[in-house]
Amino acid sequence: MTRADLVVTDIGELATLASGPVPRTGPAMRELGRLSRAAVAVDAGRFVYVGSEAACKREVRLRSGGSRWSAAGGTVVPGFVDPHTHVLFAGDRAAEIDLKIGGASYRDIVRRGGGLFQTVRATRRASTALLLRSAEARLRRMAAMGTTSCEVKSGYALTPAGERRLLSLVPILARRTGLRLVPTFLGAHAVPPEYTDRPDDYVSALLTDALPAVARHHLAGYCDAFCEPGFFSVEQTERLLLAARAAGLGLKIHADEFGRSGGAALAARLGCRSADHLLESSDEDRHALAAAGVTAVLLPLTPFASFAGRSSPGREMVDAGVPVAVGTDLSPNSWVESMPVVLSHSVYAARLTPAEALTAATVNAAHAIGLAGEAGTIAVGRPADFVAFDVPSSEQIPYRFGLTPERVYRRGICVSPARERPP
Ligand code: ZN
């Protein structure tokens with residue numbers, strides 16, 4: 001008899017995502033490991049039973065004081081993993097919407113000293129207490145929408161000390177929110193005003209000052225760079241990432257978002273963990289990513305929020321055999337906190353099937369940030385992070401725009417809806 005402190009019964013569809021190699025590619029991205037009339041049981045934060053409801057009744061005994069919840073025929077999926085966020089920032093840029101509607105691109109706004117540089121000024125000025133408070137509020141809203149693990153990039157300080165300050169907040173935010181957070185060093189988000197027209201000097205400063213400190217103090221698991229015209233060239237990106245790899249960090253690239261600048265090809269050549277955005281990538285790039293096993297992290301709300309008139313190449317990536325993950329790209333440019341909204345856009349804009357989108361938001365997203373062993377699947381022995389929706393099947397999560405979870409469990413504790421506090 002298996003003992004459990006939580007049993008969830010009457011699950012109409014349980015998508016476990018638990019079988020097959022990780023990351024998933026091609027047709028395997030549509031295999032969700034579905035069970036119907038299912039139940040799960042949890043003890044001390046980990047799944048101890050995943051299977052049919054009938055066998056659960058025979059095999060699992062609830063501990064005294066344990067809890068039982070009926071999903072009432074709804075759907076249960078793994079907790080979402082958001083593999084690309086810029087959640088650590090101050091201020092907002094709602095005022096840019098009118099500029100964007102007037103035809104200004106992300107790069108136009110940055111060139112005028114606004115956009116990202118406005119956020120850099122606000123973030124540099126912000127107190128640590130304010131940064132923590134605002135990022136914590138965003139993370140809590142993300143958690144209420146089903147995110148249980150996510151990546152957190154630095155990149156809005158663009159000074160060695162400022163970037164270290166941002167990264168040092170990540171473990172504090174993880175403790176405060178209970179989310180599993182993976183920090184990424186994005187000192188090469190843009191060339192800061194102090195180095196205007198001297199990007200090589202800024203890369204040198206990152207190599208000699210910021211990066212060694214990040215590595216020495218274990219402030220980040222990954223190093224990322226914004227490899228785009230007007231930001232960092234392929235050569236500058238390669239110089240930084242080779243040093244990051246030598247320092248023990250995993251590698252990521254913001255690649256081929258505004259133009260086909262060679263970021264995807266570089267990611268394939270270096271064997272990066274992921275190449276992100278990839279709006280302008282070509283067939284050749286996709287084949288190179290597939291051959292190198294680099295995960296494409298697609299951010300389908302970003303072109304939408306930028307009025308770019310284009311869509312993430314989800315269908316093309318899956319058909320080329322590239323492992324695909326999806327994320328929010330939460331930032332002041334594309335303020336997206338909801339992974340269910342990302343799932344809808346992954347389907348309706350990037351043309352992933354609902355099953356592929358769910359794979360991209362769970363098991364493949366976990367792989368993209370190095371959490372494949374801990375997140376993104378529902379299996380005995382794994383941390384019990386899962387989300388229940390009041391819909392009869394998992395296709396309906398992206399199908400219904402703006403769907404809200406019924407319940408979110410993290411390590412077997414119901415974190416949303418939050419337990420009401422006594423008056
Ligand atoms: Zn980004």
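What you see is a predicted model, and the numbers here were worked out from it, not measured in a lab. Along the sequence shown, the residues carry numbers beginning at 1. When a ligand or atom number is given, it counts from 1 through the structure's own listing order.
- Remark: F232 engages no residue in a ring-ring contact (aromatic ring centres under 6.0 Å, His included) (not counting sequence neighbours).
- In this structure, a donor-acceptor pair under 3.5 Å is present between the side chains of R239 and S204.
- Around the Zn ion (ligand 1), the protein contributes the following N, O or S atoms under 2.8 Å, ordered by chain and number: H84 NE2, H86 NE2, H254 NE2, D329 OD1.
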If you look only at distance, which donor and acceptor atoms sit under 3.5 Å apart when one is on a side chain in residues 261-272 and the other is two or more places apart or in another chain?
from	atom 1	to	atom 2	distance (Å)
S261	OG	C227	O	3.3
R269	NH1	E238	OE1	3.3
R269	NH1	E238	OE2	3.1

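- Ring centers of Y222 and F185: at least 6.0 Å apart, outside the cut-off.
- The CZ atom of R93 lies 8.5 Å from the OG atom of S334; values are rounded to the nearest 0.5 Å.
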Per-pair distances, 0.1 Å, donor-acceptor, side chain in residues 73-83, under 3.5 Å, sequence neighbours excluded:
from	atom 1	to	atom 2	distance (Å)
T75	OG1	V391	O	2.7
T75	OG1	S393	N	3.1
D82	OD1	H84	N	3.4
D82	OD1	T328	N	3.1
D82	OD1	T328	OG1	3.4
D82	OD2	T328	OG1	2.6

